[in-house]
Amino acid sequence: MRKVTLLLITLWWATEMALAQYTNITNLPTVYIETFDGRGISSKTEYKYCRLHYVDEEGQVSHYDSVSIRGRGNSTWSMSKKPYRIKFNTKEKFLGKGYAKAKKWTLLANAADKTMMRNALTSALGKFTSLKFNPAAKFVDMVLNGSYVGTYQISDQVDVRPHRVNITEQDYPLEADADVSGGYLLEVDGFHDGNCFYTTRSKTPVRIHYPDEDEIAVSQNRYIRNYINEFEAVLESSDFDNPETGYRAYVDSASLIDWYICTEVSANIDGFYSTYFYKDQNDPKFYWGPLWDYDIAYNNDQRVWSEQWLSTTAYSLMADIAYSGSKRWVNRMWEDSWFQHSVYQRYHQLLQAGLVDYMQRQVDSLQTLLYQSQELNYERWGISRKMYHEMVLYSTYDEYVDDLRTFVTEHCAFLDDAFAGRKPVEPTPPFTPEDMYYHIVNVRTEKAIDDSGDGVVQYTDDRSRESEDWYFRAADSGYMIINRASGKALTDPTVGEVGPDVNVGTQLTTATPDPVDQRQQWLLQPQGTDGYYNLENVYSQHIANLNGGSYDDGAIILSYTNDSRNATSQNRLWFIQPNEPLPPDVAGIKSSVPDAYALAYDPINSLLHFASGTPEALTFKVRVTNIGGATVGTFRADEAFPMSVHPAGVYIVTWMAGGKLHSVKFSKKK
């Protein structure tokens with residue numbers, strides 16, 4: 001028994017002594033990698049076994065045995081400071097809560113980027129937009145076989161799983177009757193690696209990353225290739241800009257616009273050469289992203305000068321000068337006025353939300369985080385040594401960071417004018433609702449109108465929050481705006497005398513929908529050229545206004561003054577953004593229109609009335625005016641209106657149905 005105890009004590013002491021050698025070098029965590037054969041990593045195709053020891057910020061050590069490591073990258077693998085891929089035996093929460101549980105992770109060297117922060121900055125940029133997956137950016141010091149090799153970034157492998165590209169994972173092996181509509185992880189890949197094919201029309205190289213090359217079935221391969229070719233054929237057709245049958249039927253508009261804007265903001269010369277996108281099961285849309293491989297972005301590639309005769313990308317659009325790939329698709333989209341307006345409008349929205357300040361804060365934070373580690377890194381690799389295609393070389397780290405800061409400010413200012421130059425200056429069009437749930441988002445705060453139960457307020461825009469979903473239903477003089485969660489209609493409860501500037505300041509509320517209550521009827525008044533609208537109440541003639549321009553969740557929405565500031569006061573300006581289609585059991589715009597109906601006049605009984613095969617849909621209000629414009633009466637379309645008490649003459653009958661105003665003239669003889 002004593003021998004066993006001594007053996008255990010000896011093993012414990014040996015373990016403690018082994019643990020003691022793994023400590024942090026700087027303020028960053030440290031990764032120690034020890035290959036089993038004691039030699040370096042010379043292949044980017046063949047893994048070799050190693051042990052990995054991870055020391056976190058608190059000095060706690062995690063040990064992983066029988067890990068595999070190999071090189072990775074294309075041009076980056078040729079650099080002296082090399083990137084790697086590691087693979088665990090089992091799925092690991094390597095970076096902890098909120099990150100993926102996966103076998104494969106990358107160790108990015110960021111050798112071409114003297115700031116070492118461009119990939120991390122782009123990941124933060126993606127988070128600022130609507131992009132769902134943004135690769136991890138955990139910086140570490142790395143020691144390989146006892147030798148310090150520099151500052152590295154632990155990041156995700158771009159693959160399909162929760163916290164990465166979270167789409168449907170198809171069964172393997174595939175059943176004969178399996179649904180092969182998704183998911184697929186794809187890349188326009190200029191390197192033509194892996195399971196790559198060329199599109200029929202433009203010969204664009206597209207790589208199928210998932211399902212894996214050695215697992216994908218013939219039926220899956222055939223389906224996704226045909227679907228991409230179908231998308232490209234529609235994009236290049238004469239009717240490509242049709243919102244229902246053109247290319248927009250194949251793309252998720254939010255991720256497309258944000259991915260493109262991120263490509264331009266970062267000035268990624270390879271943004272079209274390597275473009276990730278994906279498709280989920282039972283979803284016709286392609287989604288764009290994640291953003292990947294941005295170390296030569298932000299004006300960090302001298303080839304732009306040598307090939308394009310430009311000294312900087314600060315004053316260039318990537319749609320004009322970037323390397324080919326998906327650029328042909330993007331430039332075709334630029335011919336669509338919807339794309340032009342959407343890019344311009346969304347970019348303004350991001351600017352107003354503080355995009356430039358946000359990016360500068362990220363740069364500041366990353367500079368502070370990396371400062372100790374970069375000193376050791378450049379003692380090892382040299383701060384002014386040319387590694388790849390750097391545009392400039394400096395003698396200090398701070399100069400590289402300042403150069404990046406300057407570029408962000410100048411380029412974002414340039415894009416404001418560049419997008420405006422590509423976008424036709426046209427007034428905001430009249431709003432025509434579809435059978436969709438919409439978010440009504442304030443221009444100043446980027447927050448959405450919410451039916452909180454305590455009156456109508458703003459709340460952080462969240463596409464999964466049903467109390468922020470609203471749909472439109474036609475009424476006689478405007479639209480009813482009905483909340484998804486409560487089923488109630490947006491209402492102006494102002495009491496007493498009303499008028500554009502009379503008795504203002506009442507908080508908006510919601511009430512049980514009533515198509516003849518003008519307090520529930522709203523006009524959406526277009527403003528300017530940026531896709532902004534005022535919400536004008538038909539009864540009070542007031543405008544929906546964010547109280548005080550507050551950024552707080554729960555700030556109330558008021559019935560407020562209607563005057564010349566409607567076009568300039570951001571408190572009164574709103575984006576109307578589609579979220580998702582209405583379910584079949586919800587009556588929206590289209591379902592509120594009778595299948596077929598007609599206005600008729602019965603001269604014998606002097607009655608105006610409507611006839612329809614679906615009389616239950618005749619719920620709109622009808623107004624009758626004389627030739628001088630004076631109202632002589634109103635009635636619901638499922639009722640009859642007596643004209644016997646009115647003199648002979650010409651009358652005008654008007655009503656709104658299906659979001660459109662209709663007008664008919666008729667003559668009463670006697």
Side-chain angles (χ1 to χ4, degrees), residues 242-246 248-249 252-254 337-338 341-342 345-346 426-443 448-451 456 461 463 465-492 508 510-511 513-528 530-539 543-544 557 572-595 617-621 637 654-662:
N242 185 303
E244 295 184 356
T245 61
R248 286 163 61 187
D252 171 68
S253 58
S337 60
W338 169 83
H341 281 289
S342 296
Q345 176 181 305
R346 176 59 171 158
E426 299 173 1
T428 298
F431 179 69
T432 304
E434 297 291 333
D435 279 351
M436 301 282 296
Y437 288 118
Y438 292 85
H439 279 212
I440 305 172
V441 180
N442 183 258
V443 169
I449 294 181
D450 185 286
D451 186 7
V456 174
D461 190 12
R463 294 308 171 96
R465 188 175 169 89
E466 293 190 356
S467 57
E468 294 178 3
D469 279 337
W470 302 83
Y471 64 96
F472 292 83
R473 188 180 293 167
D476 69 309
S477 301
Y479 297 113
M480 300 173 66
I481 306 176
I482 302 173
N483 188 265
R484 179 178 188 173
S486 68
K488 294 184 177 182
L490 185 65
T491 302
D492 184 346
L508 300 184
T510 56
D514 181 352
V516 299
D517 183 358
Q518 289 195 334
R519 297 173 186 273
Q520 299 182 15
Q521 297 180 29
W522 299 85
L523 302 173
L524 279 80
Q525 306 287 14
Q527 295 292 355
D530 296 314
Y532 304 157
Y533 295 88
N534 299 136
L535 275 63
E536 179 183 346
N537 187 260
V538 170
Y539 172 77
I543 302 296
I557 312 298
R572 310 178 192 182
L573 294 171
W574 307 87
F575 292 110
I576 315 296
Q577 299 179 330
N579 192 17
E580 59 184 60
L582 291 183
D585 60 336
V586 176
I589 285 289
K590 293 178 180 178
S591 55
S592 66
V593 182
D595 292 338
L618 296 172
T619 59
F620 50 86
K621 190 174 181 180
T654 57
W655 68 94
M656 183 175 283
K660 295 181 180 180
L661 184 66
H662 304 265

### Reference residue Y533; test ring pair (Phe, Tyr, Trp, His ring centres under 6.0 Å); the match among Y479, F431, F575
F431
### Query
Could you state the interatomic distance from CD1 (I449) to NE2 (H439), rounded to the nearest 0.5 Å?
11.0 Å
### Message
For Q577 and R463, which I'm curious about, is there any donor-acceptor pair between the side chains at under 3.5 Å?
### Response
yes
### Task
Identify, with sequence neighbours excluded, every residue that meets salt bridge (Lys or Arg N to Asp or Glu O under 4.0 Å) alongside D469.
R484
### Query
Any donor and acceptor pair, going by atom type alone, linking the side chain of Q520 with main-chain N or O of D514 inside 3.5 Å?
yes
### Query
Between atom CZ of R519 and atom CG of L490, what is the distance when rounded to the nearest 0.5 Å?
13.5 Å
### Task
Among V441, L524, N442, find the one that has a side-chain contact (heavy atoms from CB on, under 4.5 Å) with W574.
N442
### Query
What is the distance from atom OH of Y437 to atom CG of N483, rounded to the nearest 0.5 Å?
9.5 Å
### Query
For the residue pair P430 and P526, what are the closest heavy atoms and their distance?
CA-CG, 3.8 Å
### Query
Distance from I557 atom CD1 to D492 atom CG, nearest 0.5 Å?
12.5 Å
### Message
Restricting to non-hydrogen atoms, name the atom on I481 and the atom on I440 that form the minimum distance, rounded to 0.1 Å.
### Response
CG2-CD1, 4.0 Å
### Rounded distance [0.5 Å steps], CG in N534 versus CH2 in W522
11.5 Å
### Task
Check whether any side-chain heavy atom of L508 lies under 4.5 Å from a side-chain heavy atom of N537, and answer yes or no.
no
#### Entry: W470 side chain near I576 side chain, heavy-atom distance below 4.5 Å
no
### Query
Which heavy-atom pair separates P515 from M480 by the least distance, and what is that distance?
CA-SD, 3.6 Å
### Task
Check whether any side-chain N or O of S467 sits under 3.5 Å from a backbone N or O of D450 as a donor-acceptor pair, and report yes or no.
no
### Query
Between D451 and K488, does at least one N-O distance fall below 4.0 Å, as a salt bridge requires?
no
### Task
Measure the CD-OG1 distance between Q345 and T428 for me, rounded to the nearest 0.5 Å.
7.5 Å
### Message
The criterion is ring-ring contact (aromatic ring centres under 6.0 Å, His included); which residues satisfy it with Y539, sequence neighbours excluded?
### Response
none
### Query
What heavy-atom pair brings E468 and A448 nearest, and what distance separates the two atoms?
OE1-CB, 3.7 Å
#### Entry: Contact summary for Q521 and S477, nearest pair of heavy atoms
OE1-N, 3.1 Å
